Each structure stands twice: as C-alpha cells, then as structure tokens.
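Reviewing the structure listed below.
For the numbers below, each heavy atom of this structure counts, side chains included, while hydrogens, waters and symmetry mates do not. A quick note: this is a predicted structure, and the numbers were derived from the prediction, not measured. Every chain is numbered from 1 and lettered A, B, ... according to where its sequence line falls, protein lines coming before strand lines.
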Amino acid sequence: MPRHTGLNNIPGLVSRRQYPFDLIEPRWQHRWEEESTFRAFNPGDSVPADHPFAKRHGVSGTVTAAQLPPKYYILDMFPYPSGAGLHVGHPEGYTATDILARWRRARGFHVLHPMGWDSFGLPAEQYAVKTGQHPRITTQENIANFTRQIRSLGFSYDWSRELATTDPGYFRWTQWIFLQLYHAWFNPATNKAEPISTLDYPEGCDTEEKRRAHRDGKRLAYVSEQPVWWCESLGTVLANEEVVDGKSEVGGFDVVRRPMRQWVLRITAFADRLLADLNTLDWSDSLKEMQRNWIGRSEGAEVDFALEGHAARIRVFTTRPDTLYGATYLVLSPEHRLVADITSAAQRAGVLDYQAQVASKSDLERTELAKDKTGVFTGACAINPVNGARIPIWIADYVLASYGTGAIMAVPGHDTRDHEFAQKFQLPIVQVVQPPEGVDWRGFVGEGTAIHSGHLDGLPTREAKQTITAWLEGQGTGRRTIHYKLRDWLFSRQRYWGEPFPIVWRTGADGVSHHEALAESELPLVPPDLSDYKPTASGDPPLARAKDWVNLPGGVVRETNTMPQWAGSCWYYLRFLDARGGAGFVSREAESYWMNSPGRTPGVDLYVGGTEHAVLHLLYSRFWHKALFDLGHVSTAEPFHKLVNQGLILGEDSQKMSKSRGNVVNPDDILEEFGADAFRLYEMFMGPLADTKPWNTRGVEGVYRFLGRVWRLYVDEKSEVAFEQALAAAAHPGTELLDLLILHGAITEVAAGPAQSKALHACIKKVSEDLEGLRFNTAISAMMVFVNEANGWQARPVSVMKAFLQLLAPFAPHLAEELWSRLHAAFGERAPSLSHAPWPVFDPAHLVEDTLEIPVQVNGKLRGHITVMRGTSDAEIERQALACERAQPWLAQKTVKKVIIVPNRLVNIAVA
RNA sequence: GCGCGUGUGGCGGAAUGGCAGACGCGCCAGACUUAGGAUCUGGUCCUGAAAGGGGUGUGGGUUCAAGUCCCACCUCGCGCACCA
C-alpha cells in the first residue's frame, strides 16, 4: 500500500501542513505532564492550591472523601506491551475513554483514568529462550516503546498511577491475593468464601495428616492431579479457556490431554453467583450471554440405574427426567470407570477396540466427526427404575466423560442425538411426550404433555419433571441436580516469566510431601535469574534449573510452576486506586472512595476493551473480586459496572489486519503525517464504537482537513504566511515560531446573533447527548456542521468561539488548548485550564424558531411545504395545508378523509 | 445445528414511527493560481428533457405515515457447538 505522505516524499519541498500540529501537540503534552493536569486525588492526599483541580473545585490541602467531587472511574483494558508496538486497534478504545474522561472532568466529576502494563507473557520468554536476553529487559524496552506511543496520543491518564504486573511491588500483591485464596474455603452453607479456620473437620480426622489432607482438599487454591491440556510447542499446560478448537489460543499449536499435578482455583464454587450477578451489570446482552454459555448452568436430575448382575449402579444426569419412561438404553462415555467391570466376555474385544479407537482421536476429530455416531454394546443391561424395563448399556463417544456423570439415559424419541444413534443401531424408539397438534413426536425435543409414562401421563413437561424428581427422591434413586460446564481454573504454568507461587513443599514424617504457604512477610517472591530459560529435559519448569533458589534447608523445595498471565490482570483495576501504597494491595479508604462512594455507581463506572476477553479475563476477575469481597478486602460484589466492547478495526482491504496480509496500519506513521488530534478524531469518526469497521487513510485526511478549517477559523491568514516562511527558514523550528501567529480579525467581543447562538447551542446539545450515548461519530459530525456554518460568519463572537473549543477539547485536546490559550491571550485574559473548564450549558431557548417550514404530505407522500408562525393553531395549519399550491394536483377531485397534524413537524392529508 | 448481531448511495456511515442518504471520503464543475495533490464555492441515490416515477436484503402485514414495529425467508459476521 502506498503511504500517503503527501509533499514529504518530494525532495526539497517542505510539507504544507493544515496547521502546525507538530509544534502544538508536544507543547501541550509537555504542559500536562509538568502540571500533572490529570492527576486524581485519593482521600487523604494533599491537593496543591495551584492545581487546576483545586481551582475548579475550590479544594486544597489534605482532602477527605466528602470534600471531593463525585468520582468517575473510567478504565481501559491495559495492554500487553508486545515488541510490535501499538496497533491502530489499541487507540480506538483508549481514545473513546479519553474523550469521556475529559468530558466527565468538564462536567465536574473527579475522574480516575489510569494506564498500566500487563507485562508478564510468553513472547518475552520465547525471546529469552532464543537469545538469552532476560525477559525483564525485553519487557522494559517494550514498555518504553508503548509509553512513547501512548503518550504521543495525548491521553489524559494519571501517569502517577502507572503500574506493571511484572514489577515486584505489584506482583507481591498478586502473590498475596493467591495466599488469601489458599487460606480460604468455600462454605456452601453461607454460599461464601471464608477463612480456612472456619472449616469443620469430619469425624475420623484424628491426626494432623488427615486434617491437612481434608483442609487441602477444600482450599480455593488446591492441587489436583487431573487431565490437563498440555501444549508441547509452548512447553506448558493451558486452561480450558485457552484452548480453542483443539489448538492453543496463542500460536495455534497442537494440544494434548495429559494427567499432571497442577494448581487449580475453585471458580466453580462461585458459578451460581457469577451467573446471577450478571443481571446487576450494564454489559451488552451478547457478552452476558457468552458468560452464561461458558458457565453453562443446567438444571436437571441425577438418576441411578441398577445393573443386571452387578452390585454397582450407574448414575446418569439428565435435564429431562420427565422422559424417563422413554429411556430405552444407557450410554457411557468410553472412558467411564465402570466400562471394564460391566462389559461381558463376548463384547470385551469390541469394547477394547472401540476404546482404543476413541483414545487415538484428537478432540478435534472427535467433534468434527460429530455427524456420524459410533459406539458399541457392552453386553450389560440396566434396569429402568421407573418401570423395571431391562435396557442395554452402550458406550459411545458422543457422551463426554468430562460433563455431568459421564453417562446418560438415552431417550431416542425426544433427543436428537439419541434419535440418530438409535436409528443407526436399531434401538427401540418410544414416545413419551405429546407434542403440539400437527408436530411429529419422533425427535420432538420441546415441551409437551407426558404420555405412555405411568403416573406422569397428562402432565405438562414442567410438572412432569417435578413429579418424577420427587418420586425418584422418595425412592432414593435420584435427586434434583445442577451441573455446570464451567470447570475449575487451571492456574499453574510451566513457564519462567510469571509470578512464582509463594509455596514450598515439605516432606512430612509419614514420607508424604505436602505444600505450605510462605508468610506474607516473605513477599514478593522474585524469580531467580537464569542463563537458560527452557524447561528442563525431564519436563520440569524452567525455575527448576535454579537449584539454589529451589532447594531450601531441611529438604524443603519451592514450587517451580508460575501463575498464568491472567493472574496479574485479575486485579489491576484495584491497584490503580492506590498504586504506590505499601500497606496493602489497596488501601481501604481508596477502595471505598473509588469503588463504593455513596450514591455513585458501584465499581468501575466504565470499562472499555475488546471482546476477546469476554470469558477469560472478565470471568477470572469477577471470581477474584467476589472472593476478595467475601473475605472483606473489597466492598462491592462486582468489579466492572458498565462494560463496552470496542469493535475491531480492519485493514483498508476490509480484512483482518495482519503482518502476512501486509495491511497493518502503524499509528506512528499516521501521527507523523496528520498529528494525534486528527488520528483520534478519525478513529472516532469511522463509525459506532462497537462496530467492526475498515480503516481508510483518506478518511483521516478528511478529519485532518476539518481540523485545518477549525484552525483557520481562529488564526489570521497573513500571520500564517509569515509563520510558514519563518518555519521554512528555520534550521530547528521551535515553538517560539508560534508567536508569529495572531488571532483572526473576525473574532471580536460582539454579542452572538440569533443564528450564531442557534448554531452553537445545537452543537452543544448534540455533542452532549452523543457523548452520553457514546456516539462519537455523530458528535464529530455535529461539530463539522458548526464549523461549516461559522466559516461564513463575518463576525465571530468570542463567547461562541470559546464555547466551541470546549466542545472540541475532549476530541482534539491539543488544538483546542492551543486556540483556547490564544483566544484568552488576545483579549488580555489569563486562560483558565481548558482541561478543567466547566462544560458549556445548553440553553434550548436559542433553538426556538419563530417561523416553521412544515412538510405537507398527501397519503404519506411529500407534496409541498407551508410556512407558519410558531404557535399557529391546528385549524389554521390544516387550512393552509389544504391550500398548499404544490399539493393541489393531488387534492383536486378527491375527498379529504382525515388530516393528521404532528405539532411543529408535519401535516399528512389522507384523501380517497 | 443453537444463540446473538447485521443488511441503507461508488465507500465509511446518518435518520425519538413523521421530508431517507446528515457528516465525511471519492467523483464532477467552477473560483483563486505559473501550478495544484493547498484553499474556497457549487453539485453528486436511480430514472426522466421536464412534470413525475422508483428506491433502505426478499416476500407479506400493522399504520394517515415503516429503514424504523410484527411475521416468514435470505445474506454476512460473531459466539457456542454431541454439554445430555
């Protein structure tokens, strides 16, 4: 793609810029930094008397929560600082939140708008494996580059709260939170996490070893030997959420199921609350739905089937206990532990063969070949508890070992999968639900009326479920159950560049090794430096190479796994509240002010980021937050009240941007040529924030020209020529050249005329409303309309011109600040800080028109217009409409049936 | 397959049930200019000489009035995907 570099490409010619953004933007960025313009103050902080916040709100010195204006916490999903640098997709959300942060400040809110770095992660580690360079160095370099790029966009972050998850001062508290989870258990009676000390021990726990085993089995952070996703290429295990279509989400490498000893967090204990509390959040329906799907709550019953000739019973899970009479066979997953016991001698060979077949299939194959059902008969039979029917037991891979009980009762009459299977293997299909009139019962899976079902006959599905479940409970052969798709969170990784677990392993007197937590005073536990970052030959994590670090006196060894990248991002929004505090992960006072101010939105007011975190980060964060809430460390049940996903930005070819397609747009190039304000404006002008939309550099030129028109509205043309000549002559052009520019002569202290006030107030109204609704594109269009009109004004009242800059400021803050200060200077005033200036007040009186032009329709088609005075009676409007000359051809020879008058808007004459 | 979303000029996109296409890009014409890829002005849904007619994925419906509401279908996108 040719770069639109304009005159820059032609040797000997200096680029003619629309306006000198290259001098203006650094000037204001420097000023904001120097002044700490965007610093947010915690209760207890001292507010300098000369800070614009102090002047605006009349507070200074040490402030209390009550003295501070209403809080507004607006948060971006912090980035992983990759080596590739910023992508045009990053600044989309960041620009949106910056505009809103600046707007909230103008409206008098006390805005917290921080930025930081999610800096643990695989790329820096892979680079270390290749080059031996410590990931810390790589990470520092990348952070420096990201910082430069983000700062050059002029975002109003409070940089004093900047954090990085890789900073020991930060991950000390990530480890501390892990210890809180480790030292807690979930009490089902209270439905809350509680300190492990409240745990009761069952009878028989008479030794410390038994008590420990019981305790360790109940912790929110526990160790489990279980089949996990192992990725050979990445050299680590992955969480369920990190595996997509049988491949690693990162890199797309093969993964295999392998039993390993791992740290796991008990997120499933919170499944119900994670689900229920979604209803309290202002998130998009689709996002909530994704979380609901992932949690996958399903209500049903477990039913125990007795076996013919065996003492064991087979427990199945079903959401349709009402169809129990229609269960004509059972299916176990091929991995079910009873398969070996029940298989008859005659079927043994076939069963073993099938099991081997299934085991060799990857999960991908198993799901891709889902269409064609396979399975084999075990030779065993079960007894249907409801009617004593003898039904065969099969194994088939359409039943998953990992869900429910790993076994089902098959109801081929009313389940699509069972129906397919039964047809293929000629198993009996019976009807037990009567569908609505005219619907075939075969394969009918909806709700209906029970039939051929003994005492359930005639009951609607819902009641039949209740009745049969109660009956099963009475018989002791079943019970109401809720199952979740959500699995506990696999929390350990075989990596170097992550938080080490604050855990050691000690071998007890019984020879059994057990884990123990480090004391909080031993945090942070910093990973040792290595010369080789690869896992060991025996498959141990890289940390195992640091023998001095791992081995402690008395045969005690450190845990060598590390935490996943999600750990650091689980709670960063809390650390921002008190980023430098050393007394705790967050101070109680800061937490309660920013997250739980009386009368304010609880939690983060607005959180903006990509959909890719819909189930990972957002679910994990909510889980940690709830655990911290239960344990009394935070004061709200949910972290993020309102959440908005920005849409993807595609390349100019409407394809996903990627290096291989060569359609990646680098923000640095755009900034170089058009400046930060134009870049910001364009990203917001492209379309609705949440939509996917293609990049178009021509579009940037459009908004850039708009900013040029704004500039020329305020700056004298002749002085611009002088400025440009000086600029061309200067060896090292500096900001002092800007002094050559003078204000446009048309800007004077005259009173605004009615048309001018109308233009301004229409703009104030539209921009204000659109910002409230996050409609940045239409807000910008309203400002363009204003500028197009103001261009034609002979006199430009300074009051109007000032107010417009305030509207523009959130979007194009550098240009607005520059013109704002010039405007004040030209009239001998000291400019108050634009960043803290009160938002212009909309006055509807300016929009009222004395005369109205009203369209006249005949039978809904536009035929003409009439001009009437405001307040004209309906009768008079009707008279004039009927007399409307342009409409006469459609009214002649017709009978007027009805005249509809929409006040001030329209007249429609219905004729026949 | 299920769930959610989307469909409007050459393009990005606007339109509390009330004048479809705001604003921007592109394109056309003009002005200023040695010059224009700068700037300014005007034009730009289709058809038609005009009057007019047609037009928001398709088909139906509600309404004085439908891009907008209802029903059915189609398209594309996203998510889930044998979850019992």
d(CG, A:N696; C1', B:G10) in whole Å: 13 Å
Are any of A:R712's side-chain N or O atoms less than 4.0 Å away from OP1 or OP2 of B:A38? no
Would A:K373 and A:Y398 count as a cation-pi pair here, with the cationic atom under 6.0 angstrom from the ring centre and within 45° of the axis? yes
Within this structure, what is the NE2-to-P distance between A:H414 and B:A84, rounded to whole angstrom? 18 Å
d(CD, A:Q18; P, B:G37) in whole Å: 15 Å
Identify whether any heavy atom of A:W695 sits under 4.0 Å from a base atom; if not, whether one sits that close to sugar-phosphate; answer base, sugar-phosphate or nothing. nothing
For the pair made of CZ in A:R292 and P in B:C78, what is the distance, rounded to whole Å? 22 Å
Using a cut-off of less than 4.0 Å, is there contact between a side-chain N or O of A:S284 and OP1 or OP2 of B:C4? no
Would you indicate which nucleotide in B:G52, B:G13, B:G18 comes nearest to any side-chain atom of A:K693? B:G13
A:R17 CZ to B:U39 P: how many Å, rounded? 15 Å
Mind checking A:P889 for me? I need base, sugar-phosphate or nothing, with any heavy atom below 4.0 Å counting as a touch. nothing
For B:G54 and A:K861 - does any side-chain N or O of the residue sit under 4.0 Å from the phosphate oxygens OP1/OP2? yes
Sugar-phosphate, base or nothing in reach of A:V785, heavy atoms under 4.0 Å: sugar-phosphate
Nearest nucleotide by nearest heavy atom, which residue falls closer to the 5' end of RNA chain B, A:R705 or A:F317? A:R705
Residues A:E720 and A:R712 bridged, charged N to O under 4.0 Å: no
Without swapping roles, check the side chain of A:H414 against the backbone of A:V432 for a donor-acceptor pair under 3.5 Å. yes
B:A84 P sits how many Å from A:H336 NE2, rounded? 17 Å
With heavy atoms under 4.0 Å as the rule, sort A:H483 into base, sugar-phosphate or nothing. nothing
Taking any heavy-atom pair under 4.0 Å as a contact, classify A:N777: base, sugar-phosphate, or nothing. sugar-phosphate
What distance do A:M686 atom CE and A:L650 atom CG have between them, rounded to the nearest 0.5 Å? 8.0 Å
At under 4.0 Å between heavy atoms, what does A:R297 touch on the DNA or RNA strands: base, sugar-phosphate, or nothing? nothing
What stems, by residue range, does RNA chain B take part in, given at least 3 consecutive Watson-Crick or G-U pairs under 3.5 Å? B:1-5 with B:76-80, B:10-12 with B:23-25, B:26-31 with B:39-44, B:45-47 with B:52-54, B:57-61 with B:69-73
Round to the nearest Å and state the distance from A:D415 atom CG to B:G1 atom C1'. 13 Å
For B:A22, does OP1 or OP2 lie under 4.0 Å from any side-chain N or O of A:R775? no
Find the distance A:N293:CG to B:C80:C1' and express it as a whole number of Å. 6 Å
Side-chain-base donor-acceptor pair under 3.5 Å for A:K897 and B:C64: no
Can you tell me which nucleotide in B:G52, B:A84, B:G24 comes closest to the side chain of A:N788? B:G24
Please tell me which of A:N791 and A:I900 maps to the more 5' nucleotide of RNA chain B, matching each residue to the nucleotide holding its nearest heavy atom. A:N791
A:I395 side, atom CD1; A:D397 side, atom CG - distance, nearest 0.5 Å: 9.0 Å
